[in-house]
Amino acid sequence: MTLIMSLRPPFKLPGKPSYYYEIDRKRRSLKTADKTEAMRLFNAIRREYLAGRVTQITGDCNKSLGEFIDEYTAWAEHAQLKATYKANRLALDKLVAEEGRAVRLDRITLKAIDKLIATGRKNKNSTNTINCYIRHLKSVFNKPVEWGDLKANPFRGAKQLPKEVRPPAYIPQKNVGTFLSGIEGRSLKLLISAYLATGRRRCELLNLQWEDVDLKGRRYFVRKSKTHLARWYPASKDFLAVLKAVGPKKSGPVFAAGHPDTVSKRVKAELKKAGFGGLRLHDLRHSFAVLFIQAEGGLRTLQELLGHTQYQTTEIYAHVADDHLNEAVNKVKLGPILNLIK
């Protein structure tokens with residue numbers, strides 16, 4: 001028996017605000033009450049349907065990528081950390097750009113990742129940026145598996161691109177004082193000093209609360225989304241000086257500096273003004289690490305101070321340690337003994 005495939009244009013149901021459509025006698029919501037938007041979505045589905053990419057719904061998954069994204073967004077924007085949700089949605093937007101909203105979830109394969117990589121290379125995205133998209137897509141697509149829409153994560157086997165290993169950029173010790181003195185605005189100067197004095201990541205300081213600061217104990221607490229990674233860190237003399245200059249309070253944020261992206265732009269502008277145009281806020285973390293190594297600190301200790309879960313991450317500073325060893329080895333001077341081999 002031949003099954004007749006069909007599409008029914010957008011329509012409304014009594015008491016329902018959203019528009020619906022039918023595909024092969026299966027009613028589905030367009031999840032919008034706007035007629036123009038409903039027609040736009042329907043026409044996109046129709047094009048996929050006529051191209052053979054939307055077939056009679058007989059498989060294990062009846063949900064389109066667009067429908068999943070709508071459901072995921074409604075859940076994630078309240079359930080996930082803002083930064084995580086933002087990164088996940090950006091990765092999903094990149095996937096939609098390659099596959100379209102109408103494609104069925106069970107039709108998505110690793111080919112989508114290959115297309116995303118090709119587009120990223122064409123747009124001159126960095127390897128780290130492309131890997132970030134891949135990593136977040138792999139994470140997001142665990143949800144349709146958990147929710148019973150898919151039997152397996154289509155991106156489970158996706159491999160990230162080989163990382164571009166570059167020496168960390170940093171501010172040399174001799175330039176730190178000049179850089180800090182040239183910063184306009186006391187609050188920004190204190191914040192940048194705090195980054196250089198702690199090596200913390202951007203949001204670790206922006207999220208720091210006075211409740212997490214123990215001035216008497218000379219320590220501060222960094223909270224993480226994964227509780228086993230949250231921990232106390234010792235506060236250096238420089239960081240304690242910054243905290244006291246900011247003005248100890250009983251509660252609230254230590255650094256009320258605004259949106260993280262705005263902070264990054266302001267720091268970038270100050271670095272450029274000081275002649276470090278190639279550096280960014282994260283390079284203040286690198287600067288702390290390099291200065292620590294140059295002050296004869298060890299890599300294992302640095303791993304603890306930076307909060308790296310894996311030692312391999314800290315090894316990017318190994319070349320700095322090697323340079324330091326090259327200088328240190330010359331501290332052993334044989335003196336008169338050299339006369340014996342002349």
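Side-chain atoms of Lys63 do not come within 3.5 Å of backbone N or O of Arg104 as any donor-acceptor pair. Without hydrogens or angle criteria, Arg8 side chain to Glu22 main chain gives no donor-acceptor distance under 3.5 Å. For Ser264 (side chain) and Pro260 (main-chain N/O), a donor-acceptor pair under 3.5 Å exists by modelled atom type. Counting only distance, with no hydrogens or angles, the side chain of Asp212 and the backbone of Leu208 share no donor-acceptor pair below 3.5 Å. In this structure, Lys94 contributes its side chain and Leu137 its backbone to no donor-acceptor pair below 3.5 Å. No donor-acceptor pair under 3.5 Å is formed between the side chain of Thr119 and the backbone N or O of Leu116. The main-chain N or O of Leu299 is never found under 3.5 Å from a side-chain atom of Thr314 such that the two would form a donor-acceptor pair.
Note on Trp147 and Tyr85: separate hydrophobic clusters, where clusters join Ile, Leu, Val, Met, Phe, Trp and Tyr whose side-chain heavy atoms are under 4.5 Å apart, directly or indirectly. By the criterion of side-chain heavy atoms lying less than 4.5 angstrom apart, applied directly or through intervening Ile, Leu, Val, Met, Phe, Trp or Tyr residues, Leu90 is grouped together with Trp75 in one hydrophobic cluster. In terms of hydrophobic clustering, with Ile, Leu, Val, Met, Phe, Trp and Tyr side chains grouped at heavy-atom distances under 4.5 Å, Phe221 and Leu243 are assigned to different clusters. Under a hydrophobic-cluster definition in which Ile, Leu, Val, Met, Phe, Trp and Tyr are linked whenever side-chain heavy atoms come within less than 4.5 Å, directly or via other members, Leu161 and Leu110 are assigned to the same cluster. A single hydrophobic cluster is seen to contain both Val263 and Val246, as judged by linkage of ILVMFWY side chains at heavy-atom distances under 4.5 Å, directly or through other members.
Of all the heavy atoms in Leu279 and Ala169, the pair that sits closest is CD1-CB, 3.9 Å. The minimum heavy-atom distance linking Ser181 with Thr178 is given by the pair OG-O, 2.9 Å. When all heavy atoms of His136 and Ala91 are compared, the pair lying nearest together is CB-CB, 3.9 Å. For the pair Ala102 and Ala44, the tightest heavy-atom approach, listed with the atom from each and the gap, is CB-O, 4.2 Å. The minimum heavy-atom distance between Arg223 and Ala230, with the atom names listed, is CA-CB, 4.0 Å. Nearest heavy-atom pair, Ala194 versus Phe255, reported as atom, atom and distance to 0.1 Å: CB-CZ, 3.6 Å.
At a threshold of 4.5 Å between non-hydrogen side-chain atoms, the residues Leu291 and Val176 count as touching. Annotation: side chain of Pro234 is in contact with side chain of Leu305 (closest heavy-atom distance under 4.5 Å). Residues Asp70 and Arg101 have side chains in contact (heavy-atom distance under 4.5 Å, counting atoms from C-beta outward). Proximity of Val213 to Pro248: side-chain heavy atoms (C-beta onward) are nowhere separated by under 4.5 Å. Side-chain contact between Arg89 and Ile69: present, with at least one pair of heavy atoms (C-beta onward) separated by less than 4.5 Å. No side-chain heavy atom of Leu205 sits less than 4.5 Å from a side-chain heavy atom of Val254.
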* To do: Show your working on side chain to side chain contact (heavy atoms under 4.5 Å, CB included) between Phe292 and Leu306 and close with a plain yes or no.
  => CA-CA 11 Å; Phe292 177 82; Leu306 293 179; over 6 Å; no

* **Evaluation steps, side chain to side chain contact (heavy atoms under 4.5 Å, CB included), between Ile108 and Leu150** => CA-CA 11 Å; Ile108 297 174; Leu150 291 176; over 6 Å; no

* Ile171 and Leu271: side chain to side chain contact (heavy atoms under 4.5 Å, CB included), yes or no, with the steps? -> CA-CA 9 Å; Ile171 303 173; Leu271 287 165; 3.8 Å; yes

* Kindly determine whether Phe155 and Leu95 satisfy side chain to side chain contact (heavy atoms under 4.5 Å, CB included), including the steps that lead there. => CA-CA 12 Å; Phe155 302 135; Leu95 179 62; 4.1 Å; yes

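Applying ring-ring contact (aromatic ring centres under 6.0 Å, His included) to His286 and the options Tyr317, Tyr170, Phe276 leaves one that passes, Tyr317. The ring-ring contact (aromatic ring centres under 6.0 Å, His included) with Phe239 is formed by just one residue from the set Tyr220, Tyr195, Phe288; it is Tyr220. Among Met39, Lys31, Lys35, the one residue that satisfies the side-chain contact (heavy atoms from CB on, under 4.5 Å) test with Tyr19 is Lys35.
Contact check on Asp34 versus Arg40 returns no salt bridge, with no Lys/Arg side-chain nitrogen under 4.0 Å from an Asp/Glu carboxylate oxygen. For the pair Glu99 and Arg107, the salt-bridge criterion is not met [side-chain N within less than 4.0 Å of a carboxylate O]. A salt bridge links Arg202 to Asp261: at least one charged side-chain nitrogen sits closer than 4.0 Å to a carboxylate oxygen.
Taking the ring centre of Tyr233 as origin, the terminal cationic atom of Arg231 falls inside the region bounded by 6.0 Å and 45° from the ring axis. Judged by the 6.0 Å distance and 45° axis criteria, Arg156 is not positioned over the aromatic ring of Phe141.
Between Lys138 atom NZ and Gln160 atom CD the span is 6.5 Å, to the nearest 0.5 Å. Interatomic distance, CZ of Arg219 versus OG of Ser236, reported as 16.0 Å (0.5 Å rounding). Put simply, CD1 on Ile134 and OG1 on Thr127 are 9.5 Å apart, with the number rounded to the nearest 0.5 Å. Note that NZ of Lys244 and CG of Leu190 are 14.0 Å apart. Values are rounded to the nearest 0.5 Å. Once rounded to the nearest 0.5 Å, the distance linking NZ of Lys249 with CH2 of Trp210 reads 8.0 Å. One finds the CD atom of Gln303 at 8.5 Å from the CD atom of Gln312 (value rounded to the nearest 0.5 Å).
Around the CZ atom of Arg266, the shell of radius 6.0 Å holds no more than 12 heavy atoms that belong to other residues, nucleotides or ligands. Within a 6.0 Å sphere centred on NZ of Lys111, other residues, nucleotides and ligands contribute 12 heavy atoms or fewer.
If you check the side chains of Asn125 and Tyr133, you find no donor sitting under 3.5 Å from an acceptor.
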